[in-house]
Amino acid sequence: MCGIVGYIGQKDAYPILIKGLQRLEYRGYDSAGIALINGDTRTYKTKGKVSDLENYCEGKNISGSIGMGHTRWATHGEPNDVNAHPHVSMNGHFVVIHNGIIENYGRLKSRLKTRGYNFKSETDTEVLANLIEYIYLKGKVSADVAVRLALTKVVGAFGILVACKSENNKLVAARKGSPLVIGVGRGEYFFASDASPIIEYTDSVIYLNDNDMAVVTKDSLQLMTINNDKLEPKIQKLNLDIGEIEKGGYDHFMLKEIFEQARSINDTFRGRVSFDKQSLHLGGLYNVTDKLVAAKRIIIIGCGTSWHAGLVGEYLFEELARIPVEVEYASEFRYRNPVIYKDDVVIAISQSGETADTLAAIKLAKENGATVLGICNVVGSSIPRETDGGVYTHAGPEIGVASTKAFTAQVTVLTMMAVILGEKRKTISQEKYLKLIEDLTLIPDKIDKILSYNEMFKHISEKHKDSENFLYLGRGFQFPVALEGALKLKEISYIHAEGYPAAEMKHGPIALIDENMPVVVIATHDKSYEKIVSNIQEVKARKGIVIAIVTEGDTVLKDIADYTLEIPEVSEELAPLLTVVPLQMLSYYIAVLRGCNVDQPRNLAKSVTVE
Ligand code: F6R
């Protein structure tokens, strides 16, 4: 939800800002803008993408060794030039970029209007810029004090960068609820919503915590809280490789990330599967293992694809560890006054570690005394810092807006957790424990095998790219995969798609089936195989087009389905790690063939830091 980037030092800021915005464009891409400071302050902004901003800046004065840039995902006010950031205060004293939502902006705006302020945009950010200016002029305080005081009046979430016209040798950064990282160079500092724009300049970073504020010149950084308590900056080393955030020869990040899954799952295993494959260890759970083993109930929370991973987790924990599990949308959980017991273990799943609803649900669970664990991908993000323990997925940066390798890494972590718990609770035999570890380590090669059927994915996509609806069916462990397949298709190709438990089809969706309806059915060899074959027959009897995901060597479905896509033999519990892969590929090719922007689908953003 909006990407922010900033620079203060001796270099030209413009190329650093533009490159940074390109890296952050996954966070929002409906408009972009930049402010450059070189004695004077100039702002350039436009509707559209960062490339549109670059075109817009052509021939303009882009000098300046201090600057800030923003790529927007609209919350308040439609995407247009005026609502794009940066926002300049009414009398031109302050320039602000912002990621987040000022919830009390309406009230603040009315008050500022009565004091003579008028507004050009519909945004909450312009209200903040004017509030800072009002305090600055009225209170005759320094720019940083004005920013700090303004932030004490604000309700909501923010990651901001602020520059002041008359104190033009510094930038003020602050965060609450929206991420902000400061890169520390020699005689220069970098600012960004995540570390990807910073990594090529420095590996020393400071992650701002909620309510932190930094006042930065090219040679100094002062850190304090918004309540003015002095803080000692904690510089951390970044462990991120520049190659991980570039496309590496693939047409899209999404395709690269799908193909990376064998590697990313191996990274998830690293240091956790013993060398002799006889045991699993998750270091981030050591201090909560007893609680987990004794848990009467696990509640899994997440949003979107992470919620789907959570549903797979439910099947895993119940099957292998015999612990009852509830899976909740974080957005519902946080507002519905849920019953939470002190001995509940809550597991929050999030790729970004910044999803606003998931963070709020964690807070609620903690307030009620539950033990809260995180499964996150982005190291140093907010969720791992808010939880009592947890596991990083180590899938590497996921840039494509549609989540792919993060999902398989999340499911891998959940599987490892369930296997460990099953062994400790003695709900699986030692033999099964060892077999599951062995089978897990074979997953990466099996994913690569599935990906070698590229031509088949293209062929089916070519045939059905113009369909208006798709149905996805699965049973048991494959039901969440059906949901995930439908989400992948709709979010990047804009085709309406629904995922259902296959047996539920008879209770309504079957009415949709006709000769124009492709039905993707996950029908691998497991205990519901016979039942799902009957469901496929029911679809065929109504002339539906069946695309079946089957186990290698299945001859029955080859005769019944219109298409079969094979996955290697695998135990039922681990099958979601494989069956999701053909669904990712079908979505990818269908979206490409329909001319959609796969990495940046309309209306979406990678990191949803607003509720
Ligand atoms: C779908 C997708 C989203 C995210 C959701 C949660 O492809 O990426 O549905 O899964 O926004 O995001 P995280 O996992 O960052 O909390």
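Order of listing sets the numbers, starting from 1, for every ligand and every atom in it.
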**Prompt:** Does Tyr392 have any ring-ring contact (aromatic ring centres under 6.0 Å, His included) partners at least two apart in sequence or in another chain, and if so, which?
**Reply:** His394
**Prompt:** Between Glu572 and Gln478, do the side chains contain an N or O donor and an N or O acceptor separated by less than 3.5 Å?
**Reply:** no
**Message:** How about NZ on Lys237, more than 12 heavy atoms from neighbouring residues, nucleotides or ligands closer than 6.0 Å, or not?
**Reply:** yes
**Item:** Set of salt bridge (Lys or Arg N to Asp or Glu O under 4.0 Å) partners for Lys458, sequence neighbours left out
**Value:** Glu455
**Residues in contact with ligand 1, criterion: heavy atom under 4.0 Å** = Cys303, Gly304, Thr305, Ser306, Ser350, Gln351, Ser352, Thr355, Val401, Ala402, Ser403, Leu487, Lys488, Glu491, Val608
**Request:** Could you tell me whether Glu468 atom CD has more than 12 heavy atoms of other residues or ligands within 6.0 Å of it?
**Result:** no
**Message:** Enumerate the ring pair (Phe, Tyr, Trp, His ring centres under 6.0 Å) contacts for residues 365-389, please, sequence neighbours excluded, ordered by first and then second residue.
**Reply:** none
